[in-house]
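Quick notes on the structure that follows.
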Amino acid sequence: MPFNLKGRSFLTLKDYTPQEIGYLLDLSAELKKAKYIGTETKNLQGKNIALIFEKPSTRTRCAFMVACNDQGAHAEYLGKGDIQLGKKESVEDTAKVLGRMFDGIEFRGFEHSTVEILAQHSGVPVWNGLTDLYHPTQVLADFLTIKERKGYLKGISFAYVGDGRNNVANSLMIGSAKMGLDFRIVSPKELFPSEELVAYCRNEAAATGASVTITDDMGSGIKGCDVLYTDVWVSMGEEEFFEERINLLKDYQVNMDMIRATGKEDCIFLHCLPAFHDTNTALGMEVFEKYGLKEMEVSDEVFRSKHSAVFDEAENRVHTIKAVMVATL
Ligand code: CP
Ligand code: NVA
């Protein structure tokens, strides 16, 4: 069935069909190949792109920047405090102004409603670079990495271990339900995803052959999985919960015992990054001094092991974000 993504925003994977997600993944692979062999076409020549960041970012910011440069577009970084957004000017008015000047807008921030209002009022495609609820561009990079490593996506057994109700877990669950994966969230009950989102995903799964399991039982949750995924225990904006999360999640660290317990020698480890796998960061050191933990959600051994595909995954942020912009502009 023909379809056209021109003019569409990308706020959550809920808005995209399996066919559309598959198309974005295929386009990402094509754009990646073209970049590697030097045949990339500048599809976005003359376009102006606004990059709004309320929260910090390495990968998402750089991926949008590099993708714009590669495609001939100009990106303008609008960081926290650079524009009037939210303080002197409403999100709606800001959307109307930016829409008169830019061809597309990326937004990373706190409330998901902000990105929705930007999309509603700007008149140009708006892309979600992470909100408290969802991180959809991350999932495209994760799925591209799985396809590269395993050769297929539908039928992959995927276990997400850790904070089961954060933006990354939510988006992975939606994407997995749409793309036919055997998806499991393994987390303490206190951090299970919302029942409403699980019901939505199970409904999607019924049409694609996917399954969605939510469990606090580590043994059954990770058994036989092809992909083990984790994310930070404390997301941006939740820093006050460090102690609580450490207490809840200390037995959910991805380490070599967990990799072995999957029973899959070729299990791959993914993490959206940044990761706390040592004390070589200010925050990592602070946690060590306060709580005695040298590693949090993943051990340094797993992070650096042959199982780890995290830097392929990070690179794939560029190719997938580029595909989203090329397809929707
Ligand atoms: N994975 C990810 O979104 O990384 P950044 O926070 O560095 O953008
Ligand atoms: N869940 C993390 C993802 C970072 C890319 C956060 O929101 O901080």
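Each ligand, and each atom within it, is numbered from 1 in the order the structure gives.
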### Task
Give the contacting part of N167 toward ligand 2: side chain, backbone, both or neither, where contact means a heavy-atom distance below 4.0 Å.
side chain

### Message
Side chain, backbone, both or neither: which applies to L130 and ligand 2 if a contact is any heavy-atom pair less than 4.0 Å apart?
### Response
side chain

Distance under 4.0 Å to a non-hydrogen atom of [X]: what atoms of ligand 1 satisfy this?
{"X": "L273", "answer": "1 (N), 2 (C), 4 (O)"}
{"X": "C272", "answer": "1 (N)"}
{"X": "H135", "answer": "2 (C), 3 (O)"}

### Task
Give yes if a backbone or side-chain nitrogen or oxygen of L130 is under 3.5 Å from a nitrogen or oxygen of ligand 1, and no if not.
no

### Query
Going by distance only, is there an N or O of R61 that falls short of 3.5 Å from an N or O of ligand 1?
no

### Query
Of K322, K32, K35, K33, which meets salt bridge (Lys or Arg N to Asp or Glu O under 4.0 Å) against E40?
K322

### Message
Under 4.0 Å from a heavy atom of L273: which atoms of ligand 2 are those, numbered in the order shown and with their elements?
### Response
5 (C)

### Query
Any ion pair linking K294 and D300 (charged N to carboxylate O, less than 4.0 Å)?
no

### Query
Under a 4.0 Å N-O cut-off, is there an ion pair linking R184 with D182?
yes

Give me the residue, atom name and distance of the protein heavy atom closest to [atom].
{"atom": "atom 4 (O) of ligand 1", "answer": "R59 NE, 2.8 Å"}
{"atom": "atom 7 (O) of ligand 1", "answer": "T58 N, 2.7 Å"}
{"atom": "atom 2 (C) of ligand 1", "answer": "R317 NH1, 3.2 Å"}
{"atom": "atom 8 (O) of ligand 2", "answer": "M236 N, 2.8 Å"}

### Summary
Among K55, R108, H271, the residue with a heavy atom nearest to atom 6 (O) of ligand 1 is R108

### Task
With atom 1 (N) of ligand 2 as the reference point, say which of D231, V232, V234 has the nearest heavy atom.
D231

### Aromatic plane relationship, H112 with Y134 - under 30° parallel, 30 to 60° tilted, over 60° perpendicular
perpendicular

### Query
Looking at F183 versus Y160, is the centre-to-centre ring distance below 6.0 Å?
no

### Message
Distance alone, cut at 3.5 Å: any donor-acceptor contact between the side chains of D15 and T12?
### Response
no

Cationic tip of [X] within the cone over [Y]'s six-membered ring, i.e. under 6.0 Å and within 45° of the normal?
{"X": "R61", "Y": "Y77", "value": "yes"}
{"X": "K147", "Y": "Y152", "value": "no"}
{"X": "R59", "Y": "F64", "value": "no"}
{"X": "K14", "Y": "Y200", "value": "yes"}

### Task
Report yes if some N/O of S235 lies less than 3.5 Å from some N/O of ligand 2; otherwise report no.
yes

